[in-house]
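Position 1 is the first residue of the sequence; numbering continues from there. Quick caveat: nothing in here was measured; it's all calculated off a predicted structure.
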Amino acid sequence: INEGMSYQVRVKWGKEKYEGVELNTNEPPMTFKMQLFSLTGVPPDRQKVMIAGTTLADDDWGKAASKIKPNCTLMVMGSAEVLPEAPKQKTKFIEDMTESELVSAMDIPTGLRNLGNTCYMNATLQCLKTVPELRDMLKRFNGRHGDISHEITSSLSDLYRGMERGSSDFPLLLFLQTLHTAVPHFGEKDEKTGGFRQQDAHECWSAIMTNLSNALPSSLTTDLTESVATGGGKTFMEQYFGKYEISQMIYFYYVAGVSFVTSYKCVESTDEIETKEEEKGFQVACFIGQDVKYLHTGIQKGLQGEVEKNSPSLGRDALYHKNSVVSRLPAYLAVHYVRFFFGRAGQSDETVAKKILKDVQFTMKLDMYDFCTTELQKKMIDIRKKFKDVEDKKLVIKAKQIASGPGAAKAKPKNEVKYEPYSFDDDPGSNNSGIYELIAVLTHQGRSSSSGHYVSWVRHMSGNWIKYDDDDVSLVTEEEILKLSGGGDWHTAYILLYAPKRLEIVEED
């Protein structure tokens with residue numbers, strides 16, 4: 001067989017025959033097996049593929065290579081999962097529908113199948129899918145082979161397209177395989193069960209976002225190399241989410257925050273001059289202490305505190321007081337509840353990730369104004385005043401409708417709602433008001449980040465909240481979302497995703 005050849009082959013599975021199936025030997029056999037999965041419904045781990053008495057491996061063509069020829073026949077053995085038949089039901093009114101029936105009737109996207117301890121990945125993917133600008137950018141993306149960041153981005157684009165069509169199993173398998181290539185330890189298997197090990201959803205979130213940051217260009221261009229000239233030196237991810245960086249810690253993706261100006265004052269040396277540094281990242285951390293009951297307090301605790309760093313005046317490590325203020329806010333803000341810390345497991349010397357279960361309440365609206373620099377606050381004043389003006393206009397309109405009688409509100413057809421831009425003119429992808437609305441919550445249930453279960457809770461474009469527990473999808477209320485703040489063994493908020501609050505253009509007439 002010639003290296004890198006592509007063939008049209010025949011596939012026989014029981015009584016079924018498939019003609020003209022493409023087999024590319026430049027790709028690993030697992031890719032071909034995933035293609036067979038889409039045809040037969042037999043998962044790759046249950047497939048036995050044979051050609052002329054030789055069994056096909058997962059990662060190497062081996063002896064089978066010399067037997068592959070145009071129009072040759074490959075035998076597939078293995079049972080497919082039985083798909084449930086569509087129920088035959090009479091027409092139902094909305095008030096008579098169950099939660100699952102409402103999900104279907106409202107055209108809500110399907111969930112994602114758990115491929116073996118992959119709930120951490122499924123929950124992350126559902127949360128990120130809520131960002132329309134990201135979905136649009138992925139549809140326009142043209143990646144290149146051989147670059148892992150481009151391959152992850154292309155796989156995510158294919159997966160989101162598949163989810164919109166209602167066929168996500170095949171692209172989900174491909175995405176998982178690509179993610180394992182990018183972060184090898186995500187593919188490690190448990191010695192006892194033989195299945196994939198549970199992973200930390202926050203680490204998965206960081207890994208995906210880092211690779212997207214490396215691949216997606218500026219929102220103003222289609223080429224990553226043009227981003228510096230047209231996007232102010234920022235890629236799409238930097239514009240809309242913030243900067244992503246990887247630390248030197250093995251397999252751990254460093255996530256610092258948004259754009260900060262941080263001052264450091266040495267506690268041990270009064271003569272040392274206070275220094276200021278610019279820091280960039282992609283999220284805000286909510287630190288949890290005994291005195292933290294609300295998200296606002298947890299964010300403040302993360303911005304101020306004491307750290308140990310090298311002192312040039314003392315010539316050694318010393319204690320510093322740190323104070324950070326936000327100098328730029330991205331359109332979409334992720335808030336990370338720092339719930340896990342490493343501690344000893346009982347009396348042993350082994351360290352494990354322990355969880356802080358404390359209840360730290362969050363709200364549907366988040367105002368970051370108080371955490372910003374004076375310069376940024378001044379830039380926000382005009383748009384924040386417009387928010388108040390719009391609310392006043394709505395009150396005037398409502399008063400006129402009441403005065404005109406019950407039918408006045410229905411007399412004139414309602415026009416399409418229009419909104420003001422949510423970014424500064426000179427900074428695409430920023431937030432020009434500092435006001436956010438909650439659109440997704442990623443929760444963890446359990447006592448360790450490497451065990452338990454992850455679930456995503458997402459606000460649909462209809463305004464309803466949806467719970468995505470892998471492929472189990474159900475409607476939930478806003479009250480149920482607010483109960484995810486912690487305090488016990490129930491689903492506990494781990495990552496919050498906020499979107500910019502849109503300023504409606506209201507005309508009194």
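Under the 4.5 Å side-chain criterion, counting only non-hydrogen atoms from C-beta, T178 is not in contact with L156. A 4.5 Å side-chain heavy-atom check between V360 and C286 finds at least one atom pair inside the cut-off. You'll find the side chain of D489 reaches within 4.5 Å of the side chain of L357, heavy atoms only. R161 places a side-chain heavy atom less than 4.5 Å from the side chain of K139. The side-chain heavy atoms of V284 and L333, taken from C-beta on, include a pair separated by under 4.5 Å.
The minimum heavy-atom distance between E504 and V390, with the atom names listed, is O-CG2, 3.3 Å. Contact detail for T118 and N114: the closest heavy-atom pair is N-OD1, 3.2 Å. Counting all heavy atoms, side chain and backbone alike, Y337 lies closest to L496 at CE1-CD1, 3.5 Å. Across all their heavy atoms, L173 and M34 have their closest contact at O-CE, 3.6 Å. Y436 and P500 make their closest contact through CD2-N, 4.0 Å (heavy atoms, listed as atom of the first residue, atom of the second, distance). The two residues A285 and V338 make their nearest non-hydrogen contact at CB-CG2, 4.0 Å.
Within 6.0 Å of CZ in F141 there are more than 12 heavy atoms belonging to other residues, nucleotides or ligands. Within 6.0 Å of NZ in K322 there are more than 12 heavy atoms belonging to other residues, nucleotides or ligands. Within a 6.0 Å radius of NZ in K358, other residues, nucleotides and ligands contribute more than 12 heavy atoms. When the shell of 6.0 Å around NZ of K365 is examined, it contains 12 or fewer heavy atoms from other residues, nucleotides or ligands. Crowding of E306 atom CD: a count of heavy atoms from other residues, nucleotides or ligands under 6.0 Å exceeding 12. Around the CG atom of N142, the shell of radius 6.0 Å holds no more than 12 heavy atoms that belong to other residues, nucleotides or ligands.
Interatomic distance, D190 CG to Q198 CD, rounded to the nearest 0.5 Å: 11.5 Å. A distance of 8.5 Å separates CG in D471 from CG in N122, rounded to the nearest 0.5 Å. Distance CZ/F424 to OG/S433: 8.0 Å, rounded to 0.5 Å. With rounding to the nearest 0.5 Å, the separation of CD1 in I288 from CG in L295 is 9.5 Å. The distance from atom CD1 of I152 to atom CG of L174, rounded to the nearest 0.5 Å, is 12.5 Å. The structure places CD of Q377 at 7.0 Å from CG of D370, a figure rounded to the nearest 0.5 Å.
Results of the salt bridge (Lys or Arg N to Asp or Glu O under 4.0 Å) test with R113 over D169, D472, D470 single out D169 as the only residue that passes. Screening L216, N214, L212, T210 for a side-chain contact (heavy atoms from CB on, under 4.5 Å) involving S149 leaves a single residue, N214.
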Before giving the answer on ring pair (Phe, Tyr, Trp, His ring centres under 6.0 Å), spell out for F196 and H180 the whole-Å C-alpha distance, their side-chain angles and the decisive distance to 0.1 Å. CA-CA 11 Å; F196 293 123; H180 286 173; 4.8 Å; yes
If you apply the rule side chain to side chain contact (heavy atoms under 4.5 Å, CB included), what do you find for W490 with L484, and how did you get there? CA-CA 8 Å; W490 180 241; L484 302 174; 3.8 Å; yes
Does the pair L112 and M121 meet the rule for a side chain to side chain contact (heavy atoms under 4.5 Å, CB included), with working shown? CA-CA 10 Å; L112 296 171; M121 178 185 73; over 6 Å; no
Let's go through H444 and K355 carefully: what are the C-alpha distance in whole Å and the side-chain angles of both, what is the deciding distance for side chain to side chain contact (heavy atoms under 4.5 Å, CB included) to 0.1 Å, and is it a yes or a no? CA-CA 10 Å; H444 177 265; K355 183 177 179 181; 3.0 Å; yes
Check against side chain to side chain contact (heavy atoms under 4.5 Å, CB included), I481 and F362: CA-CA 10 Å; I481 297 299; F362 57 88; 4.2 Å; yes
Should S430 and N432 be marked as a side-chain hydrogen bond (donor to acceptor under 3.5 Å, both in side chains) after you check the CA-CA gap, both sets of side-chain angles, and the distance that decides it? CA-CA 6 Å; S430 61; N432 59 11; over 6 Å; no
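In terms of modelled atom types and a separation under 3.5 Å, the side chain of S213 and the main chain of M209 share no donor-acceptor contact. Checked by atom type and distance alone, the side chain of Q126 never pairs as donor or acceptor with a backbone atom of G111 at under 3.5 Å. No donor-acceptor pair under 3.5 Å is formed between the side chain of E203 and the backbone N or O of F186. Judged by distance alone, with hydrogens and angles left aside, the side-chain atoms of Q47 form a donor-acceptor pair with the main-chain N or O of V42 at under 3.5 Å. E420 places no side-chain N or O within 3.5 Å of a backbone atom of I505 that could act as its donor or acceptor partner. At least one donor-acceptor pair closer than 3.5 Å links the side chain of S157 to the backbone N or O of L138. For R502 (side chain) and Y422 (main-chain N/O), no donor-acceptor pair under 3.5 Å exists by modelled atom type. Between the T373 side chain and the S327 main chain, no donor and acceptor come within less than 3.5 Å of each other. Put simply, the side chain of S423 gets close to the backbone of G429: a donor and an acceptor are under 3.5 Å apart. In this structure, the side chain of T297 does not engage the main chain of K293 through any donor-acceptor pair within 3.5 Å.
Side-chain rings of W205 and H336 stay apart, their centers remaining 6.0 Å or farther from each other.
Ion pairing between D427 and K379 fails under the 4.0 Å rule for side-chain N and carboxylate O. Comment: K467 does not engage E480 in a salt bridge, judged by the lack of any side-chain N to carboxylate O separation of less than 4.0 angstrom.
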